[in-house]
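A, B, ... follow the sequence lines: proteins, then strands. Residue 1 opens every chain. All values derive from a computational prediction rather than experimental measurement.
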Protein chains: 2
Amino acid sequence: MLSKKTKYGLKALTFIARSESDMPVQVSVIAKSEQIPQKFLEGILLTLRKSGILGSKKGKHGGYYLRSLPSEIKMTDVMRVLEGPIAMVPCVSLNYYEKCDDCPDEHKCSVHKLMIEVRDNTLKVFRNTTLADLSGV
Amino acid sequence: MLSKKTKYGLKALTFIARSESDMPVQVSVIAKSEQIPQKFLEGILLTLRKSGILGSKKGKHGGYYLRSLPSEIKMTDVMRVLEGPIAMVPCVSLNYYEKCDDCPDEHKCSVHKLMIEVRDNTLKVFRNTTLADLSGV
DNA sequence: GTAATCCCTACTAAATTGATAGGATTAATA
DNA sequence: TATTAATCCTATCAATTTAGTAGGGATTAC
């Protein structure tokens with residue numbers, strides 16, 4: 001299941017992408033419009049900023065803004081930041097690979113093969129989707 | 001992430017599919033060979049039996065067996081029994097649909113569209129894969 | 001009758017999730 | 001410069017889920 005964190009994060013990014021003005025968008029505005037607990041959202045936008053997807057401006061009239069064009073923000077990156085590994089098992093993860101304790105031989109593991117296929121198909125979707133597609137911008 | 005329950009379940013099914021003999025396969029044998037805690041595995045095989053994928057025989061020389069040919073046991077069914085909904089959000093689940101509290105209009109939701117695509121691609125994999133593919137039988 | 005096996009329920013520890021609380025820091029502006 | 005409005009940061013918490021354990025009941029082969 002998709003975590004609330006990811007869901008809220010995607011909605012927030014969409015909201016920012018759709019905002020017309022040049023001014024940064026404030027957390028309070030997004031929280032109110034998208035019905036997300038503000039303090040929770042603060043933390044989410046913070047991680048998106050630390051990952052380099054968002055930029056921020058502090059103090060009065062501060063807020064968050066995209067650091068690239070929506071069409072250049074890929075879902076692979078966003079999902080990895082918000083949700084973590086895309087693969088369903090660490091032993092088929094490209095970015096977070098880890099061997100299983102149980103499997104003596106990965107290449108003979110039936111689960112392994114299936115999960116590689118799932119990963120590749122999910123990856124295909126996320127690679128072909130950008131924030132522009134989500135936000136219609 | 002894939003739960004241990006699902007992983008163990010898939011390994012157990014594979015093991016049973018590969019077993020040559022006509023005799024039912026005992027939990028203890030699977031647990032030992034696949035390095036799965038036996039009591040935990042008992043519960044997993046029980047849910048697979050209740051769902052109709054496995055059959056069982058009680059008492060001495062009892063055990064579990066497949067109720068269909070491996071090539072007729074689809075991953076869609078297995079995954080739904082073991083892992084639950086295939087969709088990442090209830091609002092795009094075919095079998096467990098539920099409306100989101102937050103979304104006023106599903107069709108305008110950016111997350112919704114993305115998750116439908118992910119679901120369709122994952123579903124495609126699970127529909128095209130059977131236990132025969134996993135077990136090489 | 002006994003041993004082996006599945007069946008069932010209840011419990012528990014650890015991790016994760018979805019928040020909340022409280023304030024520190026920074027910047028605009030009156 | 002004082003005030004206000006923002007982001008930033010850390011700690012805490014309750015609820016849920018996960019992974020596993022415990023103990024015994026029911027059934028069957030021999």
Side-chain angles (χ1 to χ4, degrees), chain A residues 1-12 16 19 21-32 34-67 82-85 88-90 100-102, chain B residues 1-12 16 19 22-32 34-67 82-85 88-90 96 100-102:
Chain A
M1 282 287 138
L2 203 70
S3 65
K4 292 269 182 181
K5 183 180 171 187
T6 302
K7 192 179 181 193
Y8 292 162
L10 288 172
K11 286 194 166 196
I16 296 173
S19 110
S21 133
D22 286 349
M23 301 288 290
V25 184
Q26 287 134 32
V27 176
S28 60
V29 174
I30 305 173
K32 206 170 179 184
E34 299 294 322
Q35 315 212 51
I36 303 171
Q38 177 163 343
K39 276 289 191 179
F40 192 22
L41 184 56
E42 273 186 25
I44 297 169
L45 297 188
L46 218 48
T47 64
L48 284 167
R49 195 219 62 192
K50 283 181 182 163
S51 79
I53 292 170
L54 290 178
S56 70
K57 189 160 174 296
K58 281 195 200 174
K60 210 168 187 173
H61 302 320
Y64 289 93
Y65 52 89
L66 302 177
R67 298 208 41 195
L82 293 172
E83 191 74 6
M88 294 184 81
V89 279
C100 302
D101 324 340
D102 35 342
Chain B
M1 281 287 137
L2 203 69
S3 67
K4 292 269 184 180
K5 182 181 172 186
T6 302
K7 192 180 181 191
Y8 292 162
L10 289 172
K11 287 195 168 194
I16 296 172
S19 110
D22 285 348
M23 301 290 290
V25 185
Q26 286 132 32
V27 177
S28 60
V29 173
I30 305 173
K32 206 170 181 185
E34 299 294 320
Q35 314 213 51
I36 303 169
Q38 177 164 345
K39 275 291 193 179
F40 193 21
L41 183 55
E42 270 187 27
I44 297 169
L45 297 189
L46 218 47
T47 63
L48 284 167
R49 194 219 61 190
K50 282 177 183 166
S51 79
I53 293 170
L54 289 178
S56 70
K57 189 161 176 293
K58 282 192 198 174
K60 207 166 187 175
H61 303 320
Y64 289 94
Y65 53 89
L66 302 177
R67 298 205 42 194
L82 292 172
E83 191 75 6
M88 293 184 82
V89 280
Y96 306 81
C100 301
D101 323 341
D102 35 341

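Here the CG atom belonging to Leu82(A) is positioned 14.0 Å from the NZ atom belonging to Lys7(A), to the nearest 0.5 angstrom. The distance from atom CZ of Arg49(A) to atom CZ of Arg67(A), rounded to the nearest 0.5 Å, is 9.5 Å. Distance CD/Glu42(B) to CD1/Ile36(B): 12.5 Å, rounded to 0.5 Å.
The nearest pair of heavy atoms linking Ala12(A) to Leu45(A) is CB-CD2, 3.9 Å. Counting all heavy atoms, side chain and backbone alike, Ser56(B) lies closest to Tyr65(B) at N-CE2, 3.5 Å. Nearest heavy-atom pair, Gln26(A) versus Gly62(A), reported as atom, atom and distance to 0.1 Å: CG-O, 3.2 Å.
Considering only the side chain of Lys60(B), dA4(C) comes nearest among dA28(C), dG18(C), dA4(C). Nearest to the side-chain atoms of Pro37(A) among the listed nucleotides dT4(D), dA19(D), dA19(C) stands dA19(C). Of the candidates dT4(D), dT5(C), dT28(D), the closest approach to any side-chain atom of Gln26(B) belongs to dT5(C). Listed nucleotides dG18(C), dT29(C), dG20(D) differ in distance to His61(A); the shortest reach to its side chain belongs to dT29(C).
Taking atom CE of Met23(B) as the reference point, atom C1' of dA4(C) lies 12 Å away to the nearest angstrom. Residue Leu2(B) contributes atom CG, which lies 15 Å from atom C1' of dT17(D) at whole-angstrom precision. In this entry the distance linking CG of Leu82(A) with P of dT17(C) reads 13 Å, nearest Å. Protein atom CD1 of Ile36(B) is 10 Å distant from nucleotide atom P of dG20(D), rounded to whole Å. Between the CE atom of Met1(B) and the C1' atom of dT17(C) there is a distance of 16 Å, given to the nearest Å. Per the geometry, NZ belonging to Lys7(A) stands 15 Å off C1' belonging to dT17(C), to the nearest Å. Here the C1' atom of nucleotide dT5(C) and the OH atom of Tyr64(B) are 9 Å apart, to the nearest Å.
For Ser19(B), the side chain to side chain donor-acceptor pair (under 3.5 Å) test picks out no residue, with sequence neighbours left out.
Within the nucleic acid shown, Lys39(A) comes within 4.0 Å of at least one base atom, counting heavy atoms only. Heavy atoms of Lys58(B) sit under 4.0 angstrom from primed sugar atoms or phosphate atoms, though from no base atom.
Using a 4.5 Å heavy-atom cutoff, the side chains of Ile44(A) and Thr6(A) are not in contact. Under the 4.5 Å side-chain criterion, counting only non-hydrogen atoms from C-beta, Met1(B) is in contact with Pro85(A).
Projected onto DNA chain D by closest heavy-atom contact, Ser28(A) and Gln38(B) fall at different nucleotides, the more 5' of which corresponds to Ser28(A).
Proximity of Tyr65(A) to the phosphate of dT7(D): no side-chain N or O atom is located under 4.0 Å from OP1 or OP2. Phosphate contact (OP1/OP2 of dC8(D), side-chain N/O of Ser56(A), threshold under 4.0 Å): present. At the phosphate of dG20(D), OP1 or OP2 sits under 4.0 Å from a side-chain N or O atom of Tyr8(B).
The stretch residues 40-54 of chain B touches DNA chain D through Phe40(B), each having a heavy atom within less than 4.0 Å of the strand.
Comparing the end axes of the helix from dG1(C)-dC30(D) to dA30(C)-dT1(D), each fitted to five base pairs by superposing C1' atoms of four pairs onto the next four, gives an inter-axis angle of 10° (nearest 10 degrees).
Between the side chains of Ser3(A) and Glu83(A), at least one donor-acceptor pair of N or O atoms lies under 3.5 Å.
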